[in-house]
Amino acid sequence: MVNHLSSYLGRLAPSPTGYLHLGHARTFWIARQRALAAGGRLLLRNDDLDSTRIRADFVDAMIEDLRWLGLTWEEPVIVQSQRLDHYRAALRQLHAAGLIFPCHHSRRELAEASVSAPHEGGDHDEPLYPPSFRPPAGTTLPPLDAAGLATNWRFRVPDGETLTFADGRCGHQSAIAGKDFGDFLVWRKDGVPSYQLACAVDDASLGITEVVRGADLIKSTFRQLLLIRALGHAVPSYYHCPLMLDDQGERLAKRHDSLSLRILRAQGLTSAALLASFESGQSGL
Ligand code: GLU
């Protein structure tokens, strides 16, 4: 029975950059189980900001696949590309607080000067931003006018600060800012927020109480915690799901077309069989 007094609000946040695969299905199924157990609700967020990789047909396919899995969510669907005002407002807040700086270095310069962050258990993370590229603290920032919004901006991480959170599945997590991850992108010169900023703004401003997602995003959680704190919002709880691996031990990615829900469905897989395999813990099929 649904407990309407429950304040639990979760979210499903697929990116329409390919077809959903078994790994997504299992993560979203876990998100649903957790929402059901708490008598709460789920939102669907369409993470459609990466205009070079998203496709309209992937949006339709993603919604159809989620329905096929039997998932339900509150309407309306949250569409990130329609929320640019919220992200610009957050950027202005970070700018006013002096917590960001413009970065004019090319991808190549960054790759050449970057040092790799220590990797934890298969976490494919970006290299550390070279500290020599960072302007001194207190440097006057250019305004966020049209030119300013057509600039890459990075968040200045509090070097040496240990950040922690208690993950609902993985337990105590900690990372040191400036060592495990460096100054990260919050705004892209094509006028859109980075994944980190958009996700932090949405999770916080939509009142998400628990974020359920893949364990590959644990390091991103530390970045998002910094942003949520800087924006003055309450921090949600986090639950990072185990990643699904292929036969070679590689984590599933959208390039694993053979494991996409569409193909498995065309081969006769039913959602009942899939969900039963998740329940029994044998999701390898
Ligand atoms: N759209 C992001 C992804 O698919 C969502 C990540 C998240 O749940 O925060 O990786």
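First listed ligand is number 1; within each ligand, the first listed atom is number 1. As a basis for the values below, the full set of heavy atoms in this structure was taken, side chains included, without hydrogen atoms, waters or symmetry mates. Small disclaimer: the values here were computed from a predicted structure and weren't measured.
Here is the list of ligand 1 atoms found below 4.0 Å of a heavy atom in Asp47: 1 (N), 2 (C), 5 (C). The ligand atoms of ligand 1 that sit less than 4.0 angstrom from a heavy atom of Tyr195 are 6 (C), 7 (C), 9 (O). Heavy-atom contacts of Arg213 reach the following atoms of ligand 1: 7 (C), 8 (O), 9 (O) (cutoff under 4.0 Å). Short contacts between ligand 1 and Cys199, defined as distances under 4.0 Å to a heavy atom of the residue, involve ligand atoms 9 (O). Near Ser15, meaning under 4.0 Å from any of its heavy atoms, are these atoms of ligand 1: 1 (N), 2 (C), 3 (C), 4 (O).
Put simply, the side chain of Asn152 gets close to the backbone of Lys189: a donor and an acceptor are under 3.5 Å apart. Under a 3.5 Å cut-off, the side chain of Ser271 and the backbone N or O of Trp68 do form a donor-acceptor pair. In terms of modelled atom types and a separation under 3.5 Å, the side chain of Arg83 and the main chain of Asp202 share no donor-acceptor contact.
Considering backbone and side-chain N/O atoms, Pro14 never comes within less than 3.5 Å of an N/O atom of ligand 1.
Taking a 4.0 Å cut-off on heavy atoms, Arg11 registers as neighbouring ligand 1.
A salt bridge is defined here as a Lys NZ or Arg NE, NH1 or NH2 lying under 4.0 Å from an Asp or Glu carboxylate O, and Arg251 with Asp216 meets this definition.
Partners of Thr27 according to the side chain to side chain donor-acceptor pair (under 3.5 Å) rule, which considers only residues two or more places apart in sequence or in another chain, do not exist here. Checked against side chain to side chain donor-acceptor pair (under 3.5 Å), Arg169 has no partners two or more places apart in sequence or in another chain.
In Leu217, the part holding a heavy atom less than 4.0 Å from any atom of ligand 1 is the side chain.
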